[in-house]
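Down below is the structure, laid out as structure tokens.
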Amino acid sequence: MATRRRMLLKVIILGDSGVGKTSLMNQYVNSKFSNQYKATIGADFLTKEVQIDDRLFTLQIWDTAGQERFQSLGVAFYRGADCCVLVYDVNVTKSFEKLNNWREEFLIQASPSDPENFPFVVLGNKIDVDGGNSRTVSEKKAKAWCASKGNIPYFETSAKEGFNVEAAFECIARNAVKNEPEEDMQPCGVTWFYVLPTFVGIFLIRLMLGALEGNNVRQVVNARRYGARRFARLVGLIL
Ligand SMILES: Nc1nc2c(ncn2[C@@H]2O[C@H](COP(=O)(O)OP(=O)(O)OP(=O)(O)O)[C@@H](O)[C@H]2O)c(=O)[nH]1
Ligand SMILES: [Mg+2]
């Protein structure tokens, strides 16, 4: 009864091509960075086990293609996301200006139940480049945009140097947890506590109804066995 189901948190990373989405994910999950650019095709995901307060979660991080020709994601891909990460390059103004498009595209595709309060996190990446001298988007400007969109948390990162990457993903995970419905947090035992008596009750009622219709117990049990097999298969899928 005391064991909890490890919850899955789905995170989606969006942003222009080359801003460092794949590099950020690799730095966070594998502590690795490569200077070589290999465009992401379609989408790819990595998982990481994270502990938040006293609970364990599996963070499933979906890295998407920034290049339009490689974007082939259906609506189903966005559905069920618990947090969306918007990345731009602090040295490329256009990538910052596109944040609004990425945000809106996500809200259209994912159609979350409460779009106003859906958790986003913005990352301004590549702050290491040229010691900050080639920077074209100021921290102030980025923070002002985040504030105007409902106080989106903002982090300046360097996937290359690993700067702020851990802190950013901790915030991402925490926001994703907040977005999960409470009932999913329940331990398995509690779920069974409610489900089992319900099915036993339904079985007994059917047995009684069958008897009233003139069926004997064997006929009712045989009919129920098929239903029980289907139910067991369903439970197997859920667990
Ligand atoms: N200096 C520096 N270079 C970075 C940083 N992050 C990524 N890069 C480099 O930028 C290039 C693009 O990085 P990616 O992570 O592949 O970019 P992406 O956003 O995944 O690109 P797409 O897959 O096309 O959408 C690569 O050459 C990386 O090495 C960073 O923080 N600092
Ligand atoms: Mg990529």
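First listed ligand is number 1; within each ligand, the first listed atom is number 1. Remember, predicted model here, so these are calculated numbers, not experimental data.
- At least one N or O atom of Gly66 sits closer than 3.5 Å to an N or O atom of ligand 1.
- Which of Thr40, Leu24, Leu14 comes nearest to atom 23 (O) of ligand 1 through a heavy atom is settled by distance: it is Thr40.
- Polar contact with ligand 1: present for Thr22 (N/O pair, distance under 3.5 Å).
- If you number the atoms of ligand 1 from 1 as listed, the ones under 4.0 Å from a heavy atom of Ser158 come out as 31 (O).
- Close approach of ligand 1 to Asp128 (heavy-atom distance below 4.0 Å) involves ligand atoms 1 (N), 2 (C), 30 (C), 31 (O), 32 (N).
- With ligand atoms numbered from 1 in the order given, ligand 1 contributes 28 (C), 29 (O) to contacts under 4.0 Å with heavy atoms of Ser34.
- Both the backbone and the side chain of Val19 come within 4.0 Å of ligand 1, judged by heavy-atom distances.
- The nearest heavy-atom contact from the protein to atom 31 (O) of ligand 1 is Ala159 N, 2.8 Å.
- Among protein heavy atoms, the minimum distance from atom 3 (N) of ligand 1 is reached at Phe33 CZ, 3.8 Å.
- The single protein non-hydrogen atom nearest to atom 24 (O) of ligand 1 is Tyr37 OH, 2.5 Å, given as residue, atom name and distance.
- Using 4.0 Å as the threshold, Phe163 has no heavy atom nearer than that to any atom of ligand 1.
- Among protein heavy atoms, the minimum distance from atom 27 (O) of ligand 1 is reached at Asn35 O, 2.8 Å.
- Cluster membership for Val177 and Met7, using ILVMFWY side-chain heavy atoms within less than 4.5 angstrom, is shared.
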Quiz prompt | Test side chain to side chain contact (heavy atoms under 4.5 Å, CB included) applied to Asn35 and Tyr37, step by step | solution = CA-CA 6 Å; Asn35 274 313; Tyr37 171 51; over 6 Å; no

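- Near Asn125, meaning under 4.0 Å from one of its heavy atoms, ligand 1 places the atoms 5 (C), 6 (N), 31 (O).
- Side-chain polar atoms of Thr93 and Thr136 form a donor-acceptor pair below 3.5 angstrom.
- In summary, the side chains of Thr157 and Tyr28 do not present any donor paired with an acceptor at a separation below 3.5 Å, with no hydrogens or angles considered.
- In terms of polar-atom proximity, defined here as any N/O pair under 3.5 Å, Gly20 does make such a contact with ligand 1.
- Screening residues 150-171 for salt bridge (charged side-chain N to carboxylate O under 4.0 Å, His left out), with sequence neighbours left out, gives Arg135-Glu156, Glu170-Arg174.
- The protein atom (non-hydrogen) at minimum distance from atom 11 (C) of ligand 1 is Lys126 NZ, 3.9 Å.
- Separating the CH2 atom in Trp62 from the OH atom in Tyr78 is a distance of 11.5 Å, to the nearest 0.5 Å.
- Inspection of the Trp102 and Asp16 side chains reveals an N or O donor paired with an N or O acceptor under 3.5 Å.
- Side-chain contact annotation: Asn91 with Ser134, donor-acceptor N/O pair under 3.5 Å present.
- Counting only protein atoms, the N, O or S atoms lying less than 2.8 Å from the Mg ion (ligand 2) are Thr22 OG1, Thr40 OG1, ordered by chain and residue number.
- The option with the heavy atom closest to atom 13 (O) of ligand 1, from among Ser23, Ala65, Ser17, is Ser23.
- Atoms CG and CG, on Leu9 and Asn175 in that order, are 11.0 Å from each other to the nearest 0.5 Å.
- Taking the side-chain hydrogen bond (donor to acceptor under 3.5 Å, both in side chains) definition, one finds that Lys10 meets it with nothing, sequence neighbours left out.
- Annotation: atom 21 (O) of ligand 1 to nearest protein heavy atom, Gly18 N, 2.9 Å.
- Neither the backbone nor the side chain of Glu161 comes within contact range of ligand 1; no heavy atom lies under 4.0 Å.
- Using a non-hydrogen distance threshold of 4.0 Å, Gly15 does not register as a contact of ligand 1.
- Residue Cys84 holds its SG atom at 10.0 Å from CD1 of Ile172, rounded to the nearest 0.5 Å.
- The N/O atoms of Gln67, backbone and side chain alike, include none that comes under 3.5 Å of an N/O atom in ligand 1.
- Annotation for ligand 1: atoms under 4.0 Å from non-hydrogen atoms of Val129 are 1 (N).
- Contacts with ligand 1 closer than 4.0 Å are made by no heavy atom of Ile127, backbone or side chain.
- With sequence neighbours excluded, the residues satisfying side-chain hydrogen bond (donor to acceptor under 3.5 Å, both in side chains) with Asn30 are Asn26.
- Between Lys21 and Asp63 no salt bridge is recorded (no basic side-chain N to carboxylate O distance below 4.0 Å).
- The shortest N or O to N or O distance between Ala39 and ligand 1 is not under 3.5 Å.
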Quiz item: So Tyr154 and Trp145, side chain to side chain contact (heavy atoms under 4.5 Å, CB included) or not? Walk me through it.
Solution: CA-CA 10 Å; Tyr154 175 68; Trp145 184 80; over 6 Å; no

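- Distance CG/Leu123 to CG/Asn164: 9.0 Å, rounded to 0.5 Å.
- Residues Gln60 and Thr47 bring no donor and acceptor atom of their side chains to less than 3.5 Å of each other.
- Annotation: the span from Arg103 atom CZ to Leu86 atom CG amounts to 8.0 Å, rounded to 0.5 Å.
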